[in-house]
Amino acid sequence: MALKTAQQYEESLRKLNFKVYLQGELVKSPVDHPMIRPSMNSVKMTYELAQDPQYADLMTATSHLTGKKVNRFCHLHQSTDDLVKKVKMQRLLGQKTAACFQRCVGMDAVNAVDSTTFEMDQKLGTKYHDRFNKFLLKMQEEDWTVDGAMTDPKGDRGLSPSKQVDPDLFVHVVEKREDGIVVSGAKAHQTGAINSHWILVMPTISMTKEDADYAVSFCAPADAEGIFYIYGRQSCDTRKLEGGDIDVGNKQFGGHEALMVFDNVFIPWENVFMCGESEFSGMLVERFAGYHRQSYGGCKVGVGDVLIGAAATAAEFNGAAKASHVKDKLIEMMHLNETLYACGIACSAEGHKTASGNYIIDLLLANVCKQNVTRFPYEIARLAEDIAGGLMVTMPSEKDLRHPEIGKVVEKYFRGVASVSTENRMRILRLIENITLGTAAVGYRTESMHGAGSPQAQRIMIARQGNLDKKKELAKAIAGIK
Ligand code: SF4
Ligand code: FE
């Protein structure tokens with residue numbers, strides 16, 4: 001099977017034996033849990049749209065391994081055109097879900113592990129690349145959602161992994177056996193972990209020789225023995241337990257993050273892609289981060305499209321759409337959003353082929369893209385709140401609107417223009433609240449800051465890639481300085 005249907009994806013998740021804790025309780029069926037299900041729906045959309053002929057060009061690609069049609073999320077980019085289509089696909093999915101659809105981390109991880117294992121084998125004579133290709137083949141054939149897992153808890157940021165008081169604060173090898181390795185530790189903020197079939201673990205920082213046990217990369221089934229998850233809380237998440245459909249803002253879709261814990265997990269050698277080669281850990285981190293920083297030039301823009309549309313609709317419902325300052329604010333929001341998109345497209349168009357044959361983005365432009373993402377969604381959100389008005393955070397609940405007596409009062413006093421029902425006005429305002437302050441704000445705001453690396457990480461890469469010496473030479477040549 002090269003392409004799973006959305007329903008087959010859901011059924012395949014049901015078969016997994018996840019151990020997930022949510023609000024202090026073990027979850028029986030994650031797929032059916034009202035707080036988890038909307039996030040599963042977002043991943044499901046990556047399967048659903050791949051079946052739709054009108055999106056085939058963006059959502060699917062031809063495998064370089066088999067020549068068969070695969071979901072683009074399982075594909076290694078074979079050209080700059082593939083890189084551009086990746087960003088367009090992410091914008092599309094952001095528009096359809098108004099949430100984080102989670103599947104990109106696996107796509108970004110396989111593209112980074114592919115080129116890194118190839119170059120590592122060439123230099124060190126290791127045998128990782130072939131093993132990795134076997135995993136990739138299976139991922140494409142089974143149309144797996146893979147969770148690319150990078151971020152360790154990191155403990156004291158001033159200490160290296162091996163100097164931490166607790167050795168588990170970074171994922172590490174605790175035992176090397178003839179048949180494989182045993183790993184312990186945890187990965188934090190794992191996007192879509194509970195909606196994934198497999199996980200692909202990478203180191204979180206460039207390791208030194210003394211931290212060689214921490215330079216480890218491997219794949220494992222998401223429900224492997226010894227792996228368990230603690231589900232992350234989101235702002236307003238328990239509204240999903242109330243059963244209504246207005247107050248949640250976005251009833252159908254969401255995202256999730258979880259703490260992924262490895263308690264002495266056995267990984268057979270065939271699933272190990274780095275084990276002690278500390279000098280290649282930095283390359284893997286830099287490439288994965290680069291791909292994921294490109295990703296944000298797509299997904300956040302798609303969610304931004306929905307937020308801009310919601311703000312424009314709220315302005316209409318408020319009767320303020322014709323005000324020149326409102327029009328100007330909407331123009332500013334579009335300008336900022338398209339600037340992010342331009343960066344996502346630019347770093348893709350300027351990509352190049354790696355030694356293994358897949359394509360990588362221009363790292364400088366991908367880091368500029370993500371640096372802008374740490375700022376512009378905040379401004380877009382600020383403008384959306386400005387246009388929406390304070391009612392977005394002060395209006396009564398859906399239960400009040402539906403109440404046999406006070407419902408009439410809510411209906412009367414919270415109406416904007418006469419032609420639009422109070423219910424619809426509440427719906428659009430709750431959507432803005434959801435994206436700017438509610439569950440989707442994890443993906444649209446704070447993740448824009450810290451996801452794919454915090455702002456300082458991009459500034460370090462911009463400093464490294466920006467070629468300041470060349471710029472000085474240019475200035476000196478023009479100024480006539482010898
Ligand atoms: Fe994909 Fe964006 Fe979510 Fe990352 S934050 S997994 S790029 S949707
Ligand atoms: Fe992310």
Side-chain angles (χ1 to χ4, degrees), residues 64-65 73-79 82-83 86 104-140 146-152 161 170-173 181 183 187 198-209 211-220 267 269-295 347-348 351-364 366-367 370 452-453 457 460-461 464-465:
H64 74 294
L65 293 175
F73 283 97
C74 298
H75 182 56
L76 291 190
H77 317 299
Q78 297 299 304
S79 61
D82 268 349
L83 288 168
K86 171 196 162 182
C104 326
V105 278
M107 167 177 54
D108 292 340
V110 290
N111 275 279
V113 173
D114 180 80
S115 60
T116 305
T117 51
F118 185 87
E119 286 170 47
M120 189 161 42
D121 286 1
Q122 276 199 325
K123 177 139 187 253
L124 305 177
T126 45
K127 297 270 179 291
Y128 294 121
H129 192 66
D130 281 351
R131 285 180 192 169
F132 169 71
N133 269 324
K134 283 186 189 130
F135 166 71
L136 181 69
L137 184 66
K138 201 90 177 109
M139 174 184 173
Q140 292 187 341
V146 171
D147 182 10
M150 179 164 277
T151 311
D152 292 84
F170 287 77
V171 170
H172 61 119
V173 179
I181 58 174
V183 297
K187 292 289 183 186
W198 277 67
I199 56 174
L200 177 51
V201 170
M202 298 159 285
T204 198
I205 50 169
S206 180
M207 301 289 173
T208 58
K209 276 209 169 71
D211 292 328
D213 285 346
Y214 296 83
V216 61
S217 173
F218 58 87
C219 66
I267 311 291
W269 281 116
E270 71 209 53
N271 291 340
V272 178
F273 309 132
M274 179 185 285
C275 186
E277 293 80 5
S278 51
E279 68 266 43
F280 279 89
S281 53
M283 180 190 284
L284 184 49
V285 172
E286 198 173 285
R287 290 185 182 178
F288 171 77
Y291 282 121
H292 209 56
R293 288 169 195 173
Q294 169 209 22
S295 288
C347 71
S348 307
H352 65 270
K353 199 177 190 169
T354 70
S356 73
N358 73 340
Y359 272 68
I360 190 162
I361 59 290
D362 179 278
L363 281 176
L364 173 61
N367 278 278
K370 172 67 214 305
I460 291 166
M461 284 299 291
R464 231 190 268 162
Q465 305 266 335

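- Considering only residues two or more places apart in sequence or on other chains, F280 meets the ring-ring contact (aromatic ring centres under 6.0 Å, His included) condition with none of them.
- Of all the heavy atoms in D211 and P161, the pair that sits closest is OD2-CD, 3.2 Å.
- To the nearest 0.5 Å, atoms NE2 (H75) and NE2 (H64) are separated by 8.5 Å.
- If you take SG on C219 and CD1 on I267, they are separated by 7.5 Å, rounding to the nearest 0.5 Å.
- Remark: F170 pairs with no residue by the ring-ring contact (aromatic ring centres under 6.0 Å, His included) rule, at least two apart or across chains.
- When all heavy atoms of V216 and V173 are compared, the closest pair comes out as CG2-CG2, 3.8 Å.
- For the salt bridge (Lys or Arg N to Asp or Glu O under 4.0 Å) test, residues two or more places apart in sequence or in another chain that qualify with D152 are K187.
- With sequence neighbours excluded, the residues satisfying salt bridge (Lys or Arg N to Asp or Glu O under 4.0 Å) with D108 are K86.
- Note: M107 CE to H77 NE2 = 6.0 Å, rounded to the nearest 0.5 Å.
- N133 is linked by a side chain to side chain donor-acceptor pair (under 3.5 Å) to H129, counting only residues two or more places apart in sequence or in another chain.
- Inter-residue side-chain proximity for I181 and W269 is flagged as met; some heavy-atom pair is nearer than 4.5 Å.
- Across Q78 and L76, no two heavy atoms sit closer than the pair NE2-O, 3.0 Å.
- Between V113 and L284 the shortest side-chain heavy-atom distance falls below 4.5 Å.
- To the nearest 0.5 Å, the span separating OH on Y291 from CD1 on I360 amounts to 4.0 Å.
- Atom CG in L124 sits 11.0 Å away from atom CD in E119 (nearest 0.5 Å).
- Judged by distance alone, with hydrogens and angles left aside, the side-chain atoms of S281 form a donor-acceptor pair with the main-chain N or O of S278 at under 3.5 Å.
- Evaluation of the side chain to side chain donor-acceptor pair (under 3.5 Å) rule for S348 yields Q294 as partners, not counting sequence neighbours.
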E277/T126 under side-chain contact (heavy atoms from CB on, under 4.5 Å): CA gap, chis, key distance, verdict: CA-CA 10 Å; E277 293 80 5; T126 45; 3.7 Å; yes
side-chain contact (heavy atoms from CB on, under 4.5 Å) evaluation trace for M207 with I205: CA-CA 6 Å; M207 301 289 173; I205 50 169; 3.7 Å; yes
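- Under the salt bridge (Lys or Arg N to Asp or Glu O under 4.0 Å) criterion, K123 pairs with no residue, sequence neighbours left out.
- Residues satisfying the salt bridge (Lys or Arg N to Asp or Glu O under 4.0 Å) criterion with D82, sequence neighbours excluded, are R72.
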Stepwise side-chain contact (heavy atoms from CB on, under 4.5 Å) test for T116 and F288: CA-CA 10 Å; T116 305; F288 171 77; over 6 Å; no
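- Atoms CG and NZ, from L65 and K138 in turn, are 13.5 Å apart once rounded to the nearest 0.5 Å.
- Within the structure, salt bridge (charged side-chain N to carboxylate O under 4.0 Å, His left out) pairs that include any residue of residues 352-363 do not occur (at least two apart or interchain).
- Judged by distance alone, the side chain of Q122 and the main-chain N or O of M120 form no donor-acceptor pair under 3.5 Å.
- The two residues H292 and A452 come nearest to each other via the heavy atoms CD2-CB, 3.6 Å.
- Here the closest non-hydrogen pair linking A109 and G148 is CB-CA, 3.8 Å.
- Checking Y128, F132, F118 one by one against F273, the ring-ring contact (aromatic ring centres under 6.0 Å, His included) holds for a single residue, F132.
- Qualifying side chain to side chain donor-acceptor pair (under 3.5 Å) partners for N358, counting only residues two or more places apart in sequence or in other chains: N111, T354, S356.
- Closest approach of G453 to K370, counting heavy atoms only: O-NZ, 2.7 Å.
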Chi angles and distances behind the side-chain contact (heavy atoms from CB on, under 4.5 Å) call for R131, D121: CA-CA 11 Å; R131 285 180 192 169; D121 286 1; over 6 Å; no
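- Considering only residues two or more places apart in sequence or on other chains, H172 meets the ring-ring contact (aromatic ring centres under 6.0 Å, His included) condition with Y214.
- Taking S115 as the reference, R287 meet the side chain to side chain donor-acceptor pair (under 3.5 Å) condition, with sequence neighbours excluded.
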